[in-house]
2 protein chains.
Amino acid sequence: MKFNIKDVAKKAEVSISTVSRVINESKVVRPETQKKVIKAIEELGYKPNAIARSLKVKNTKTIGIMIPDISNQFYPEVVRGVEDIANMYNYNIFLCNTDLDDEKEMQYFDALAEKQVDGIIFMGNIVSEELYSKIKFYNIPLVLIGADYEDLPSVTINNTEAAYTVVKYLIEKGHKRIGMITGKKHDPVTGVTRLKGYKDALKESGLLFDEELIIEGGYRFKSGYEAAKRLLELENKPTAIFVANDEMALGVTRLALEMNIKVPEDLAIIGFDNIDMSQKFYPALTTVAQPMYEMGAIGMRVLTKILKDEPIDTNKVLLNYSLIERESS
Amino acid sequence: MKFNIKDVAKKAEVSISTVSRVINESKVVRPETQKKVIKAIEELGYKPNAIARSLKVKNTKTIGIMIPDISNQFYPEVVRGVEDIANMYNYNIFLCNTDLDDEKEMQYFDALAEKQVDGIIFMGNIVSEELYSKIKFYNIPLVLIGADYEDLPSVTINNTEAAYTVVKYLIEKGHKRIGMITGKKHDPVTGVTRLKGYKDALKESGLLFDEELIIEGGYRFKSGYEAAKRLLELENKPTAIFVANDEMALGVTRLALEMNIKVPEDLAIIGFDNIDMSQKFYPALTTVAQPMYEMGAIGMRVLTKILKDEPIDTNKVLLNYSLIERESS
DNA sequence: TTGTATGCGTTATCAC
DNA sequence: GTGATAACGCATACAA
């Protein structure tokens with residue numbers, strides 16, 4: 001039931017080159033013969049074998065996307081952006097969940113390389129040196145989304161500045177004790193940068209930094225819930241909490257609801273990411289919107305340009321974030 | 001910078017067959033020569049070309065997964081299940097978002113077929129006849145998740161029974177007027193089946209069916225919100241609403257919160273799916289848990305069995321759902 | 001405009 | 001235990 005180009009050639013009474021030509025829409029073939037061939041193709045239900053083709057043409061029209069975990073709220077949207085653009089340019093995408101695990105990242109990278117992907121979209125908190133040197137060695141086009149490293153092409157937002165904006169906004173609203181639930185302290189993208197923005201804003205406003213108000217979170221809902229509990233048990237409680245991601249911020253909101261704390265009157269909460277649920281929660285969460293779909297779409301667009309050897313203006317794209325004011329602040 | 005088996009052979013001073021043997025861990029090769037070859041491989045940083053290999057061995061260790069939309073709450077979890085098992089058996093997966101669009105489904109199917117995937121995991125509300133005949137014609141192993149059609153292998157839950165259980169539970173709690181926000185009326189999996197369960201429970205309890213209490217929803221948050229509004233504007237309001245999916249049920253909850261309606265005292269709400277957010281929302285949502293991760297994992301496991309020509313007990317797997325009682329009922 | 005022949009990087013069959 | 005060599009299905013340089 002599976003035919004190849006030879007079968008088509010025989011059926012259409014032409015050579016395989018001619019069949020190949022009509023498949024690849026070469027202009028040179030006579031209309032009549034083209035018709036014959038197309039007829040044969042349809043009658044047999046023939047489909048070209050992309051594997052064989054790839055072997056010859058040395059590209060696979062396939063890219064890989066490496067993300068921490070598709071079942072985490074944040075990533076599906078960027079994957080969607082990648083996919084829509086990939087689809088537009090006739091690429092298929094390999095999905096790889098790395099769980100932020102170095103070893104898994106290496107394994108997937110190898111697998112993608114062996115499967116001859118034309119390029120890779122990478123999301124992860126850090127790029128290990130080992131991975132970096134592999135990327136260079138095998139010379140596989142790769143673009144980073146949401147993180148930045150060395151000379152690799154990337155699309156990101158300015159995290160420090162965004163955090164700064166948030167805290168500044170809170171200060172202007174009159175808050176003097178502002179708590180923060182951070183990402184992992186050593187995480188260069190959601191951890192250190194956002195904390196730095198927080199500190200910058202405080203300093204600029206002449207507020208002093210109080211270590212007690214900073215709690216390192218673990219990104220998940222529960223971790224936000226528990227960090228908030230600690231913050232609210234302080235004698236000198238914060239009147240506002242800036243949380244390094246929405247998932248945790250929703251955990252904070254949940255706790256406030258349970259404890260009958262009025263949001264935003266008694267406690268203002270601001271998150272980061274603008275995940276889908278942040279607007280659906282009650283009260284709806286004020287948050288920093290990262291243009292997730294766009295980050296994916298633009299990342300993929302950059303990749304296609306690299307693949308087509310088109311010149312790119314910058315290989316460091318910085319996208320705009322925006323503070324979305326909703327009910328929690 | 002890219003080497004092939006020939007380069008390795010030359011460097012190790014053996015034939016390419018020998019290199020191939022060590023790569024594929026054939027037992028027959030002498031330890032010393034094996035060492036030589038491995039050394040050469042490492043020195044060159046050689047990676048076998050999986051495309052060329054596939055052409056020869058006629059499998060790609062690749063499967064495709066077709067889902068409506070990865071950025072919709074429900075699917076990432078099942079994709080995760082698929083991926084984890086796929087990974088275990090050394091398969092990579094092509095991700096395809098179909099948006100429930102027939103044409104896109106066909107396009108992706110063709111693309112996957114051309115790329116010679118070994119099998120396909122399919123999620124969608126219905127299987128079009130055209131798609132079905134293609135599946136048969138090209139004879140590509142495919143398993144359905146969350147839906148069922150003809151003789152195709154599938155993994156599902158008993159939707160009618162689950163809906164029946166929900167409504168029965170509500171009736172036992174004393175509710176007499178129970179509203180329902182359904183899926184699309186013609187959707188065989190979330191639409192007709194769940195509505196049937198609702199009707200069955202009513203009938204069995206001697207309650208009469210009131211058309212006015214049924215509203216067709218559109219699956220999304222907003223659609224639930226608006227359907228609930230209509231339900232609550234009725235003179236003879238329902239005291240409970242059964243919603244065909246969580247996303248919409250959360251919309252209902254949001255409305256209740258805004259309208260200061262006490263949940264569950266004045267209005268009980270029950271959803272379907274047990275998406276991640278349903279437990280995080282306040283009040284937490286009572287819902288029917290579909291074992292999403294398991295559906296993906298088991299679906300993939302069925303697929304691997306088919307691919308290995310192992311016997312499978314049934315090609316129709318029916319998984320257990322469970323009613324998770326939380327704060328909204 | 002069409003056909004013949006070669007090779008893409010592997011694996012597998014057969015000798016040796 | 002190892003090495004030649006013929007496929008796998010296709011695209012393409014070259015010949016006709």
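Order of the sequence lines sets the chain letters (A, B, ...), proteins ahead of strands, with each chain counted from 1. All of these numbers come straight from a predicted model, not from anything done at the bench.
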Tell me what B:Thr33 touches on the nucleic acid: a base, only sugar-phosphate, or nothing, going by heavy atoms under 4.0 Å. sugar-phosphate
So what does B:Val28 touch, heavy atoms closer than 4.0 Å: a base, only the sugar-phosphate, or nothing? base
Please report, rounded to the nearest Å, how far the [atom2] atom of [N] is from the [atom1] atom of [X].
X	N	atom1	atom2	value
A:Asn59	C:dC8	CG	P	16 Å
B:Lys2	C:dT10	NZ	P	11 Å
A:Arg30	C:dT2	CZ	P	5 Å
B:Ile23	C:dG9	CD1	C1'	10 Å
A:Arg21	C:dG3	CZ	P	8 Å
B:Ile5	C:dG7	CD1	P	18 Å
B:Glu25	C:dA12	CD	P	14 Å

First locate atom CD of B:Glu130, then atom CD of B:Glu105, and finally report the distance between them rounded to the nearest 0.5 Å. 10.5 Å
Could you tell me the separation between the NZ atom of B:Lys36 and the NZ atom of B:Lys39, rounded to the nearest 0.5 Å? 10.0 Å
Distance only, no hydrogens: is a donor on one side chain within 3.5 Å (strictly under) of an acceptor on the other, for B:Asp101 and B:Thr98? no
May I ask you to check whether B:Ser154 and B:Asp148 show a side-chain donor-acceptor distance below 3.5 Å? yes
On the nucleotide C:dC8, are OP1 or OP2 found under 4.0 Å from the side-chain N or O atoms that B:Asn49 carries? no
Start at the 5' end of DNA chain D and walk down; is the nucleotide closest to B:Gln34 or to B:Lys56 reached first? B:Gln34
Passing option when B:Phe122 is tested against B:Ile65, B:Ile67, B:Ile145, B:Leu131 for side chain to side chain contact (heavy atoms under 4.5 Å, CB included): B:Leu131
Picking from B:Asn92, B:Thr304, B:Ile120, B:Val82, what satisfies side chain to side chain contact (heavy atoms under 4.5 Å, CB included) with B:Ile63? B:Val82
So B:Phe94 and A:Phe94, would you call those rings parallel, tilted or perpendicular, with 30° and 60° as cut-offs? parallel
For the residue pair B:Tyr132 and B:Tyr149, categorise the inter-ring angle as parallel (less than 30°), tilted (30 to 60°) or perpendicular (more than 60°). perpendicular
Output yes when a side-chain donor or acceptor of B:Thr60 lies under 3.5 Å from a complementary backbone atom of B:Gln116, and no otherwise. yes
Between the base of C:dG9 and the side chain of B:Lys6, is one N or O donor paired with an acceptor at under 3.5 angstrom? no
A:Lys58, nearest nucleotide to its side chain (from C:dC8, C:dG3, C:dT11): C:dC8
With the threshold set at under 4.0 Å for non-hydrogen atoms, list the residues of residues 10-19 of chain A touching DNA chain D in residue-number order. A:Ile16, A:Ser17
Where does the chain A footprint on DNA chain D start and end, counting 5' to 3' with a 4.0 Å heavy-atom cut-off? D:dG9 to D:dA13
